[in-house]
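This report concerns only the one structure given below.
Numbering of ligands and ligand atoms starts at 1, following listing order. This structure is a prediction, so every number in the text was calculated from the model and none was measured.
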Amino acid sequence: MAKDSKTCCPLCGHEDNYIAEALSFAAIKKIYRKQFKIIIDDGLDEIALHVCRNCGLKFYTPALTGGERFYEGLQKYDWYYMADKAEYKTAAGFVPPAGDVLEIGAGRGLFRRHINCGSYTGLEFSAHAIEMAKRDNVLIYDQNIGEHADSNGGRYDVVCAFQVLEHVADAREFLSSAVKCLKTGGRLIISVPNESGFTGCETNNVLNMPPHHVTRWTDTCLINMAGLFNLKLVALDYETLSDMHLRPYGICMAQDAIKKILGMKKSQIDRLFFFFPVRLLVRVLAMIPMSGLREAGMRPRGHSVTAVYEKLP
Ligand SMILES: [Zn+2]
């Protein structure tokens with residue numbers, strides 16, 4: 001039975017939410033240590049996943065976000081920063097040719113290469129990424145969106161953030177500042193992992209948990225978000241399952257099938273899949289959906305969803 005919670009939703013501010021699952025943070029830390037060689041040292045024993053009944057956002061408490069050392073640990077892996085994100089192409093179609101564009105969490109500003117626009121400005125904290133952007137003559141500020149919005153209200157035709165929002169503890173403040181930077185009729189483009197797709201059903205995927213992700217975004221939540229920030233939803237665009245996510249998809253299906261056969265309840269962390277013989281079985285079973293989806297035309301929705309909104313008067 002889900003427990004009610006007095007914690008406020010970080011998106012809509014309502015108290016009306018319930019705890020969908022309490023998770024052992026010790027187990028999460030153990031996976032980070034074994035899988036990514038990242039030590040998380042904070043003394044927390046348990047975290048909880050809440051679901052807001054008002055807006056549909058799923059959020060973790062405490063909203064523990066990763067520090068510099070945590071992200072340095074992940075950046076050692078080539079796959080962590082993809083040069084070409086699938087959503088760049090989708091988003092580029094919503095950028096007007098002479099528009100002024102702001103990207104939050106811009107990295108080295110690679111999205112700039114995908115668009116024709118009047119001007120491009122990025123916000124980024126990584127000194128290394130800012131240095132690389134400088135070499136490419138891309139304008140990047142070491143600022144958060146709140147600071148930038150203070151002196152740039154109503155300036156941009158497009159404000160975008162790709163795979164950033166799910167890392168942010170105060171989603172309401174982040175989005176309010178992003179919308180503040182837009183002209184009336186300007187477009188907010190947000191891409192996040194698609195909680196309504198296979199990503200929302202994965203087991204032991206700690207990258208979708210704190211301190212990496214602190215919120216999870218369902219279609220319902222992305223639709224409700226429009227009303228919270230005086231926006232009109234223009235499009236929800238779903239990434240098709242990519243080659244790099246074919247294996248996680250197959251594993252997710254295999255784990256789900258095993259859980260159903262054994263009558264196990266859905267849980268984000270499950271020690272059953274730590275055991276070598278079970279892991280081996282999962283790997284073999286995962287080959288079935290993976291081989292059936294080799295043809296691109298057969299593939300379901302993939303990892304991410306891109307939501308496009310317009311700022312109303
Ligand atoms: Zn809410």
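The aromatic rings of Phe111 and His114 lie parallel to each other, with less than 30° between the two planes, well short of the 60° mark. The aromatic rings of Tyr71 and His212 sit tilted relative to each other, their planes meeting at an angle between 30° and 60°.
Sorted by chain and number, the protein atoms of type N, O or S within less than 2.8 Å of the Zn ion (ligand 1) are Cys9 SG, Cys12 SG, Cys52 SG, Cys55 SG.
Under the 6.0 Å cut-off for aromatic ring centres, Phe229 and Tyr309 do not qualify, their centroids lying 6.0 Å or more apart.
Residues that satisfy the side chain to side chain donor-acceptor pair (under 3.5 Å) test with Glu202, not counting sequence neighbours, are Asn205.
Seen from the ring of Tyr238, Arg301 counts as a face-on cation partner, given the 6.0 Å and 45° thresholds.
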- request: Given side chain to side chain contact (heavy atoms under 4.5 Å, CB included), test Tyr60 with Arg216 step by step and report yes or no.
  value: CA-CA 9 Å; Tyr60 289 96; Arg216 291 176 169 231; 3.1 Å; yes
